Novice: 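Dropping a structure here in C-alpha cells format, bear with me for questions.
Please read all numbers here as calculations on a predicted model, not as lab measurements.
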Amino acid sequence: EAAMAELAELADSGGLETVQQVIQRRPRFDPRTLMGPGKLEDLIIQALRWQADFIVVDQNLTPAQARAIAEATDLKVLDRTQLTLGPFADRARTREAKIQAELAQLKYLLPRLMSRGDSGLSRLEGGIGGRGPGEQKLEVDRRRVRDRIRGLERQLETERRRRQQRRSRRRE
C-alpha cells in the first residue's frame, strides 16, 4: 500500500491523475504480462470504465512485458522507472543535470523502440542492381538514438572535465 501511495505521488508529479488502483498478490509474476490472465482482463475492464489513457505499473517492466500489456489493453503502459525519469528531466536545472536526464531517458528508450504499422517499411528502395531493401525505419531510429547517446556521453565528459578544472582553480 505504501508503494502504491508512492506510485500515485510519482504519477501526480508527472502530470497524471490516478483514477483507480488495482492490486494483485501472486506467488510469482507471469513472465509475459506480469499479471495473470484474469487480472489482465479485469484491468482492461477497469481501464474502459474509467476511460484511462495510461496504465502505470509498480514494477520495472521488460520491453516485451510492456508491449504485451499495451497490445492487450490498447493503452500506453508506464512502469516505475519511466515514471521516475520524467520529473527528473523536468526539474533538471544545470547543463550537466539536463544531459544526464536525457541520457537516462534515451538509454531506457533504446531497447523499447519498435516498429509501428507502416513505419517498418524500407527507407531506401533497392533499384536495378541493388542489393535489396534499404535501412528499415526502426533501424534508422535505433541508430539515431545510439548516436545521440554517444554525443550526450561526450558532452557529459566535457562538463565533468570543466567542473574538475573549476574545482582545481578554486583550490588554487
Novice: Please report the C-alpha distance between Arg162 and Glu96 in whole Å, then the side-chain angles of each, then the deciding distance to 0.1 Å, and finally whether the side-chain contact (heavy atoms from CB on, under 4.5 Å) criterion is met.
Specialist: CA-CA 11 Å; Arg162 284 183 190 152; Glu96 188 173 2; over 6 Å; no
Novice: Count the heavy atoms of every other residue, nucleotide or ligand shown that sit under 6.0 Å from CD of Gln20, and state whether that count exceeds 12.
Specialist: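 Above 12, so yes.
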Novice: Considering all heavy atoms of both residues, which atom of Asp30 and which atom of Met35 are nearest to each other, and what is their separation?
Specialist: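 Closest heavy-atom pair between Asp30 and Met35: CB-O, 3.5 Å.
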Novice: Within the 4.5 Å heavy-atom criterion, are Gln82 and Asp79 side-chain neighbours or not?
Specialist: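 Yes - at least one pair of side-chain heavy atoms lies under 4.5 Å apart.
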Novice: Are more than 12 heavy atoms, taken from residues, nucleotides or ligands other than Glu17, located less than 6.0 Å from that residue's CD atom?
Specialist: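 Incorrect, the count does not exceed 12.
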Novice: Apply side-chain contact (heavy atoms from CB on, under 4.5 Å) to residues Arg142 and Glu139 and explain how you reach the verdict.
Specialist: CA-CA 5 Å; Arg142 284 187 176 150; Glu139 294 163 347; 5.8 Å; no
Novice: Report yes or no: do Arg161 and Gln164 form a side-chain donor-acceptor pair below 3.5 Å?
Specialist: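 There is no such pair between these side chains.
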Novice: Salt-bridged, Glu172 to Arg167, with N to O below 4.0 Å?
Specialist: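 Here Glu172 does not pair with Arg167 in a salt bridge, since their nearest N and O are not under 4.0 Å apart.
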Novice: Tell me whether the NZ or CZ atom of Arg112 lies within the 45° cone about the ring axis of Tyr108 and under 6.0 Å from its centre.
Specialist: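 Flagged: Arg112 positioned over aromatic ring of Tyr108.
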Novice: Are Phe29 and Gln65 packed together at the side-chain level, in the sense that at least one heavy-atom pair is separated by less than 4.5 angstrom?
Specialist: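 Not in contact.
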Novice: Salt bridge or not for Arg154 and Glu159, using N-O below 4.0 Å?
Specialist: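 Looking at Glu159 together with Arg154, the answer is no, because their closest N to O distance does not fall below 4.0 Å.
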Novice: Taking all heavy atoms of Leu7 and all of Val57, pick out the closest pair and write down the distance.
Specialist: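 Distance-wise, the nearest heavy atoms are CD2-C, 4.1 Å.
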Novice: State, to 0.1 Å, how close Arg91 and Ser13 come at their nearest heavy-atom pair, and which atoms those are.
Specialist: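 Reported closest heavy-atom pair: NH2-CB, 4.1 Å.
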Novice: Determine whether more than 12 heavy atoms belonging to other residues, nucleotides or ligands lie under 6.0 Å from atom CD of Glu157.
Specialist: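 Check passes, neighbour count above 12.
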Novice: Please find the pair of heavy atoms, one from Gln105 and one from Leu85, that lie closest to each other, and give the distance.
Specialist: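 Taking every non-hydrogen atom into account, NE2-O, 3.8 Å.
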Novice: Using a strict 4.0 Å threshold on nitrogen-to-oxygen distance, state whether Arg144 and Asp147 make a salt bridge.
Specialist: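 Looking at Arg144 and Asp147, the cut-off is not met.
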Novice: Step by step, would you call Val56 with Thr18 a side-chain contact (heavy atoms from CB on, under 4.5 Å)?
Specialist: CA-CA 9 Å; Val56 180; Thr18 303; over 6 Å; no
Novice: Return the minimal non-hydrogen interatomic distance between Ala72 and Ile44, and the atom names on each side.
Specialist: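 Taking every non-hydrogen atom into account, O-CD1, 3.4 Å.
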Novice: Given Ile55 and Lys76, is the side-chain contact (heavy atoms from CB on, under 4.5 Å) satisfied, shown in steps?
Specialist: CA-CA 6 Å; Ile55 293 176; Lys76 184 170 168 111; over 6 Å; no
Novice: Treat each ILVMFWY residue as a node, draw an edge where side-chain heavy atoms are under 4.5 Å apart, and state whether Leu43 and Leu61 are in one component.
Specialist: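 Yes; tracing contacts between hydrophobic side chains, which count when under 4.5 Å, links both residues.
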Novice: Looking at Arg163, I want to see if its CZ is surrounded by more than 12 non-hydrogen atoms of other residues, nucleotides or ligands under 6.0 Å.
Specialist: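 Atom CZ in Arg163 is packed in, count exceeds 12.
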Novice: Output the distance between atom CD1 (Ile69) and atom CZ (Arg32), rounded to the nearest 0.5 Å.
Specialist: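 Output value for this atom pair is 9.5 Å.
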Novice: What pair of heavy atoms forms the shortest contact from Ala89 to Ala101, and how long is it?
Specialist: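 That would be CA-CB, 3.6 Å.
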Novice: Please round to the nearest 0.5 Å and tell me the distance separating atom CG of Leu103 and atom CD of Gln100.
Specialist: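 If I round to the nearest 0.5 Å, the distance is 8.0 Å.
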Novice: Supply the atom-to-atom distance Ile23 CD1 to Lys39 NZ, rounded to the nearest 0.5 angstrom.
Specialist: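 Atom-to-atom, Ile23:CD1 and Lys39:NZ are 9.0 Å apart.
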